[in-house]
A.B. asks: 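This structure is in structure tokens; I'll ask about it shortly.
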Amino acid sequence: MNPHPAFPLFPHRHLLGIKGLSPHDIDLLLDRADAAVAISRQSEKKTSSLRGRTQINLFYEASTRTQSSFELAGKRLGADVMNMSVASSSVKKGETLIDTAMTLNAMRPDILVIRHASAGAAALLAQKVTCSVVNAGDGAHEHPTQALLDALTIRRAKGQVGRLTVAICGDILHSRVARSNIILLNALGANVRVVAPSTLLPVGIEKMGAEVFNTMADGLKGADVVMMLRLQRERMAGALVPSVREYFRYFGLDAEKLKLANEGALVMHPGPMNRGVEIASQMADGPQSMIQEQVEMGVAVRMAVMEALLDPRRNPQGRTA
Ligand code: NCD
């Protein structure tokens, strides 16, 4: 039984990225997520909309919050959730991504959630398997549920996303979170800025619809939302920043820099945070911080996405194929 028959049908089988979603699709997911927040705040959190469905989480990269968020989301919808631990699987014996996916697909899951270090991994799987696929982060490409949970957090705090000025700061180069957010925020009509040293900016980023700033002083002036990103040192081939101390001094968010943004600007971070590197503890734990709220919204957004993809009006037999 779908507990939200009032929501329009989501017109996609998979969620591979924000690219390809219309503003209407995005609003629909955010509206559904608002309903899921209400469910998560009840003492009885379990619903039955995905009862009998099987969800497999296939995480090839270390993850705490995203994997546990997808797991809880599935459980709150009543699905059976299995976490494939890649560390102890045949992947270690050299099995390819496609072979692993086809093996899992033969067990007839309804939804496969994948995180992988290669851009395009989720799209590749979606072509091979018969169930719905959700991209939980593919290399430096996209992380659609993160952008959706960020948008939900902003919408609930500010009443809207359109027309706000959002400054995304830090390691844009390696960030799938930044890419998905730039696409989503543009779709909803926000003014998007990226603030970073030029070594951490991908070439041509302005073509995605982001205004480029090389100093926090310029980039934060007039911002309604300050979104900090982790310095992804594990993805860096060489030294792209002189030193962590130097980086914090120029690009780390502290009280002084935050004062440049609009009054009441939201402070956001997708986590995991490097305190004292891209964000001062005082800002991460301060009154403007939305970081815990983002985590809460994460579960709701993942519930919304999985429920929308497995809408029984589209899959009366319970299978997506
Ligand atoms: C992000 C990711 O994995 O892309 N984290 C997350 O999903 N919560 C950002 C990061 O790793 O810095």
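Just so it is clear, the structure is predicted and the values come from calculations on it, not from any experiment. Just so you know, ligand 1 is whichever comes first in the structure, and atom 1 is the first atom listed for that ligand.
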A.B. asks: Looking only at side-chain N and O atoms, does T153 offer a donor or acceptor that is under 3.5 Å from a partner on Q294?
C.D. replies: no
A.B. asks: Salt bridge check: are D224 and R163 linked by an N-O gap of less than 4.0 Å?
C.D. replies: no
A.B. asks: Taking only Lys NZ, Arg NE, NH1 and NH2, and the carboxylate oxygens of Asp or Glu, determine whether R155 and D31 approach each other closer than 4.0 Å.
C.D. replies: yes
A.B. asks: Salt bridge or not for E142 and K19, using N-O below 4.0 Å?
C.D. replies: no
A.B. asks: Any heavy-atom pair between the side chains of D254 and K257 that's under 4.5 Å?
C.D. replies: yes
A.B. asks: Consider every N or O of P270 and every N or O of ligand 1, then say whether any pair is closer than 3.5 Å.
C.D. replies: yes
A.B. asks: Could you identify the single nearest non-hydrogen protein atom to atom 11 (O) of ligand 1 and state the distance to 0.1 Å?
C.D. replies: R230 NH2, 3.0 Å
A.B. asks: Salt bridge check: are D218 and R193 linked by an N-O gap of less than 4.0 Å?
C.D. replies: no
A.B. asks: With heavy-atom distances below 4.0 Å as the criterion, list the atoms of ligand 1 near T66.
C.D. replies: 6 (C), 7 (O), 8 (N)
A.B. asks: With heavy atoms of R65 as the reference, note each atom of ligand 1 found under 4.0 Å away.
C.D. replies: 8 (N)
A.B. asks: Can you name the atoms of ligand 1, numbered from 1 with element, that are less than 4.0 Å from a heavy atom of Q232?
C.D. replies: 10 (C), 12 (O)
A.B. asks: Identify, for atom 9 (C) of ligand 1, the protein heavy atom at the shortest distance, and state residue, atom and that distance.
C.D. replies: G271 O, 3.6 Å
A.B. asks: Side chain or backbone of E61 under 4.0 Å from ligand 1, or both, or neither, by non-hydrogen atoms?
C.D. replies: neither
A.B. asks: Decide if atom CD of E263 counts as having more than 12 heavy atoms of other residues, nucleotides or ligands within a radius under 6.0 Å.
C.D. replies: no
A.B. asks: In terms of atom number and element, which parts of ligand 1 are under 4.0 angstrom from non-hydrogen atoms of R115?
C.D. replies: 2 (C), 3 (O), 7 (O)
A.B. asks: What atoms of ligand 1 come within less than 4.0 Å of a heavy atom belonging to V177?
C.D. replies: 1 (C), 4 (O), 9 (C)
A.B. asks: Nearest to atom 7 (O) of ligand 1 by heavy atom, H143, R176, E142: which?
C.D. replies: H143
